[in-house]
Amino acid sequence: MGRAKHVPHLDTVQDGLSPKTSHPDYVSVAPEWFWDENDPRAPFGTDDGHDTLTTLRAHFIQGGGDEHVPGCVAGLIADWGLVPETVWDSSADEIVAWLAADESHVRFLHGEIDAYIAAACGQFKTSGWIHPALRFWSERALMLLEHVLGPWERETFGAGVSGYDEKLAATRAVIQAAPEPPRRMQLRMYRAVGG
């Protein structure tokens with residue numbers, strides 16, 4: 001007997017972003033403000049987060065599978081071409097130097113951070129779990145926001161002391177609540193011992 005076909009939970013034009021069209025596991029952990037498309041704390045509340053969710057929706061409508069979601073997201077970000085991939089592997093000092101080199105860099109980096117967070121939350125919302133690559137990318141984005149971009153903004157622009165605390169805490173809680181992906185999607189090196 002074959003495995004049941006996965007049917008993604010996709011938003012409709014009529015309902016828009018809604019708990020009614022989302023995976024119940026995601027709905028059970030997402031704070032109310034995660035559904036606000038105008039709240040910049042929410043995964044889909046920025047243009048880049050919304051565009052990422054729209055891209056994921058199109059991917060699934062066109063018959064794309066969960067295993068190809070990281071490639072879909074990587075393609076979207078590569079098409080934007082705003083942040084050199086090397087920035088993601090740079091030291092805090094190197095990232096700060098890149099941010100300081102051009103005033104538009106801060107917006108570009110926020111865009112990619114929002115896209116990585118939206119990708120992880122979007123797959124959880126749609127499929128009920130998060131691909132290991134998306135989980136890694138979103139956690140890396142949250143760490144960069146907390147430890148490099150947020151402090152740099154406070155120092156440079158005098159942004160509020162709390163900055164992104166609520167966004168960071170809520171997003172981390174939602175991502176951590178996502179169940180493990182199906183075994184076929186798990187990276188062997190991260191499987192539980194005996195699993």
Side-chain angles (χ1 to χ4, degrees), residues 6-11 17 22-23 26 30 34 37 40 42-92 94-95 98-99 101-102 104-149 164 167-168 171-172 174-191:
H6 167 66
V7 178
H9 292 75
L10 300 174
D11 295 323
L17 181 62
S22 301
H23 194 283
Y26 180 81
F34 263 43
E37 293 178 273
F44 319 115
T46 64
D47 288 342
D48 303 299
H50 182 269
D51 289 351
T52 303
L53 182 61
T54 300
T55 299
L56 291 180
R57 183 176 184 275
H59 169 79
F60 285 113
I61 287 172
Q62 295 167 7
D66 280 301
E67 66 275 14
H68 299 294
V69 170
C72 173
V73 172
L76 173 69
I77 289 173
D79 286 348
W80 290 346
L82 302 173
V83 178
E85 183 61 30
T86 56
V87 167
W88 290 97
D89 295 321
S90 298
S91 70
E94 292 167 330
I95 296 168
W98 181 79
L99 288 167
D102 187 310
S104 62
H105 287 176
V106 68
R107 166 67 188 98
F108 296 163
L109 191 54
H110 268 292
E112 283 199 13
I113 287 170
D114 292 345
Y116 286 127
I117 291 168
C121 290
Q123 188 173 36
F124 186 12
K125 176 194 166 323
T126 302
S127 301
W129 56 275
I130 301 171
H131 190 286
L134 297 182
R135 186 181 296 271
F136 170 78
W137 292 342
S138 65
E139 289 171 352
R140 178 180 68 169
L142 289 165
M143 286 176 41
L144 195 147
L145 179 61
E146 179 179 25
H147 298 291
V148 181
L149 186 55
Y164 302 104
K167 175 179 182 160
L168 290 163
T171 304
R172 282 187 171 124
V174 168
I175 290 170
Q176 289 171 355
E180 287 296 315
R183 186 165 174 83
R184 65 186 166 76
M185 297 288 178
Q186 293 177 15
L187 301 176
R188 187 169 309 155
M189 65 189 115
Y190 296 119
R191 285 189 192 142

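Sequential numbering from 1 along the given sequence is applied to the chain's residues. In this text, all values refer to a predicted model and were calculated from it rather than measured experimentally. All heavy atoms count here, side chains included; hydrogens, waters and symmetry mates do not.
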Correct closest heavy-atom pair for G111 and D48 would be CA-OD2, 3.1 Å
Going by the side chain to side chain donor-acceptor pair (under 3.5 Å) test, which pairs reach into residues 112-125, not counting sequence neighbours?
-> D11-K125, S22-K125, T46-D114, D66-Q123, W88-E112, D114-K167
Sub-3.5 Å donor-acceptor pair from the side chain of H9 to the main-chain atoms of S127, do we have one?
-> no
Side-chain heavy-atom pair H110, L145 within 4.5 angstrom cut-off | yes
Step by step, work out the side chain to side chain contact (heavy atoms under 4.5 Å, CB included) result for L144 and L109.
-> CA-CA 10 Å; L144 195 147; L109 191 54; 3.5 Å; yes
Please name the pair of heavy atoms, one in A120 and one in L134, separated by the smallest distance, quoted to 0.1 Å.
-> CB-O, 3.9 Å
Rounding to 0.5 Å, atoms CD (E37) and CG (D47) come to a distance of 11.0 Å
Closest heavy-atom contact between C121 and F34?
-> SG-CE2, 4.2 Å
Could you pull out the closest heavy-atom pair between W129 and P179, with the gap in Å?
-> CB-O, 3.6 Å
Mind checking whether V83 and W98 have side chains closer than 4.5 Å, heavy atoms only?
-> yes
Heavy atoms only: give me the nearest T52-A118 pair and the separation to one decimal.
-> CB-CB, 3.9 Å
With the side chain counted from C-beta on, respond yes when L53 and L17 share a heavy-atom pair under 4.5 Å apart, and no when they do not.
-> yes
Between CD1 on residue I117 and CZ on residue R140, distance to nearest 0.5 Å = 12.0 Å
Show your working on side chain to side chain contact (heavy atoms under 4.5 Å, CB included) between V69 and F60 and close with a plain yes or no.
-> CA-CA 9 Å; V69 170; F60 285 113; 3.7 Å; yes
Is D102 salt-bridged to R107, cutoff N-O under 4.0 Å?
-> no
Is any side-chain heavy atom of R57 less than 4.5 Å from a side-chain heavy atom of I61?
-> yes
Give the minimum heavy-atom separation between C72 and H59, together with the two atoms involved.
-> SG-CB, 3.8 Å
One should read off an interatomic distance between Y164 OH and E146 CD, to the nearest 0.5 angstrom, of 12.5 Å
With the side chain counted from C-beta on, respond yes when V174 and Y26 share a heavy-atom pair under 4.5 Å apart, and no when they do not.
-> yes
Side-chain contact, heavy-atom cut-off 4.5 Å: H68 with H131?
-> no
Between the side chain of S138 and the main-chain N/O of R135, is any donor-acceptor distance below 3.5 Å?
-> yes
Can you find a pair of side-chain heavy atoms, one from L56 and one from L10, that are under 4.5 Å apart?
-> no
